[in-house]
There are 2 protein chains.
Amino acid sequence: MVQPRKKVKARPLKGDVAIDKAVYDAIRRAMLMGRLLPGTKLREPALSRVLKVSRERVRKALHRLVHEGWLEAVPNRGTFVPALTIEEVREIYDVRTMLETAIVQRLCAEHDLPAAQRLKAHVSEERQAVRSDDRGRLFGLSGEFHILLAELCGNEQLSRLLRGLLTRSTMHFSLSAPERFHNCAGPHDHADIVKAILARDAKKAAKLMLDHLLGLVEWQSAWQPPPNPVALEEAFRGISAKRQA
Amino acid sequence: MVQPRKKVKARPLKGDVAIDKAVYDAIRRAMLMGRLLPGTKLREPALSRVLKVSRERVRKALHRLVHEGWLEAVPNRGTFVPALTIEEVREIYDVRTMLETAIVQRLCAEHDLPAAQRLKAHVSEERQAVRSDDRGRLFGLSGEFHILLAELCGNEQLSRLLRGLLTRSTMHFSLSAPERFHNCAGPHDHADIVKAILARDAKKAAKLMLDHLLGLVEWQSAWQPPPNPVALEEAFRGISAKRQA
DNA sequence: TGGCAGAATAATGTGCACATTCCGATTTTG
DNA sequence: CAAAATCGGAATGTGCACATTATTCTGCCA
């Protein structure tokens with residue numbers, strides 16, 4: 001006799017978390033869309049008014065974003081959109097290189113059939129995005145490729161870590177060159193890396209990943225952002241803290 | 001009403017940040033000292049009373065600790081000391097292996113004279129700690145060794161990342177086996193690694209680091225913590241949110 | 001006219017009171 | 001007697017009002 005009496009409300013996921021995450025996502029989205037330029041000050045009352053939420057929610061979201069490295073806070077001064085130095089970007093890519101070359105080497109050593117299928121499926125998706133000239137989708141897929149590699153290692157900590165690193169990598173040209181998204185990464189590189197992994201050629205895979213990341217950072221370094229303030233109402237036009245489709 | 005107070009020109013660095021950091025440090029210290037066993041619920045009113053600060057400060061510190069992975073929060077339930085699975089510990093050490101083998105390889109390739117001197121000095125310090133049988137100091141030095149390697153790479157991002165990883169690694173046996181600190185790491189391993197780095201033998205250095213970390217995780221895996229609740233007043237005996245000597 | 005001092009204003013930081021939710025003990029009923 | 005429902009107390013979540021600090025504006029003086 002089983003006992004279905006257990007009223008295990010698996011995940012209520014209250015409005016609390018939902019609203020907080022919505023505000024957090026709204027600000028993050030504005031940054032990813034390049035609406036908020038480096039140096040912009042994020043005033044709590046203004047955000048509260050624009051996003052139609054209480055100042056406390058804005059405050060909480062800002063603190064979280066600061067802690068995750070998206071924003072910079074100065075005590076009693078305010079919260080600002082950071083101006084990432086080229087050097088910092090280089091450092092982040094350097095760490096990524098350490099991790100991701102190790103990742104592809106490991107995948108060469110112990111990847112299984114489902115992993116191979118997911119890799120091939122991803123490359124296929126990227127190719128299709130290129131054909132249909134869907135730049136937005138291609139940009140998303142380019143990032144997800146690196147996440148996918150980490151996830152295929154089956155290490156949750158590794159995935160989370162790399163996810164953070166990747167968001168911080170992309171933040172730089174999200175903030176500085178949002179209009180140049182279409183150029184971001186050569187999907188051809190990804191296809192070659194996958195091919196090397198499937199061939200279990202660890203040395204080649206690591207080399208390809210190294211070159212790929214070096215190419216990305218070099219491409220980013222060639223571009224310097226023009227400092228320019230922006231109005232918050234403009235930045236959050238069309239972005240709401242409420243659930244959007 | 002006027003306030004003829006003299007204006008402070010320097011950095012007052014108000015109680016805000018100081019108090020917040022003090023509360024944060026107090027809880028972290030209690031965890032590192034093994035006073036808070038896995039599964040313990042950290043009640044905000046109790047902490048507020050014990051640490052003599054307002055509940056909001058406790059709340060803020062708890063949120064930060066949750067963000068950094070020290071604690072786990074369940075909405076509307078409370079904040080808990082996590083029970084790290086052996087598997088999670090393995091994953092963390094796996095990531096550390098990826099990073100640290102890359103680090104020693106890089107140091108073999110491009111370390112300079114001051115770096116070599118710092119390495120030798122550190123090994124010397126560890127040796128001296130062993131001789132004087134100072135277990136507490138040796139424990140600290142063992143952790144700092146890995147931090148030192150990261151810092152010698154000159155990559156700030158890398159240092160911060162590894163620092164977080166290391167604290168999370170040590171948290172496991174801080175929580176589960178605080179009385180076995182003295183056994184933590186063989187300083188002999190560190191000396192061998194340094195020797196390989198100074199000899200610029202990248203392959204050997206990487207192998208030694210790999211074995212070192214594998215040995216650590218294996219040693220930790222052999223020990224399982226006994227679940228046991230604890231009173232907060234006991235845990236924070238002698239630990240204050242105020243600056244202590 | 002330019003720069004400095006002081007006040008007005010706005011933004012950030014903090015504590016408090018209240019609403020909501022959860023846990024546990026007691027009671028009631030089949 | 002046992003299981004379930006209910007009610008009371010406590011802990012968490014949230015908005016608000018106030019204190020503190022920074023910024024800007026204005027007027028005065030060199």
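Heavy atoms only: backbone and side chains are in, while hydrogens, waters and symmetry mates are out. Every chain is numbered from 1 and lettered A, B, ... according to where its sequence line falls, protein lines coming before strand lines.
In this view, B/His63 satisfies the ring-ring contact (aromatic ring centres under 6.0 Å, His included) rule with no residue, not counting sequence neighbours.
Between B/Asp25 and B/Lys21 there is a salt bridge, since at least one side-chain N of the basic residue sits less than 4.0 Å from a carboxylate O of the acidic one. With respect to the salt-bridge test (charged N to carboxylate O, under 4.0 angstrom), the residues B/Glu56 and B/Lys60 do not qualify. Salt bridge annotation for B/Arg59-B/Asp20: absent, with no cationic side-chain nitrogen under 4.0 angstrom from a carboxylate oxygen. With respect to A/Glu151 and A/Arg163, a salt bridge is recorded, a charged nitrogen being found less than 4.0 Å from a carboxylate O. We find that B/Arg137 and B/Glu125 are joined by a salt bridge, their nearest charged nitrogen and carboxylate oxygen being less than 4.0 Å apart.
Between A/Glu56 atom CD and C/dC18 atom P there is a gap of 17 Å when expressed in whole angstrom units. One atom, NZ of A/Lys60, and another, C1' of D/dG15, lie 13 Å apart when rounded to the nearest Å. Between the C1' atom of D/dG13 and the NE2 atom of B/His63 lies a distance of 9 Å, rounded to the nearest Å.
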Strand DNA chain D as a dot-bracket string - pairs counted if Watson-Crick or G-U with both distances under 3.5 Å, | where the partner lies in another strand: ||||||||||||||||||||||||||||||

Scan nucleotides 8-12 of chain D against the protein and return all N/O pairs shorter than 3.5 Å with their distances rounded to 0.1 Å.
from   : atom 1 : to      : atom 2 : distance (Å)
D/dT12 : OP1    : B/Glu44 : N      : 3.4
D/dT12 : OP2    : B/Glu44 : N      : 3.1

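Residues B/Glu88 and B/Thr85 have side chains that bring a donor and an acceptor to within less than 3.5 angstrom of each other.
Ring-plane geometry between B/His212 and B/His146 is classed as parallel, the angle between the planes falling under 30 degrees on a 0 to 90 degree scale with a further cut at 60.
A close approach under 4.0 Å does occur between a side-chain nitrogen or oxygen of B/Ser54 and OP1 or OP2 of C/dG15.
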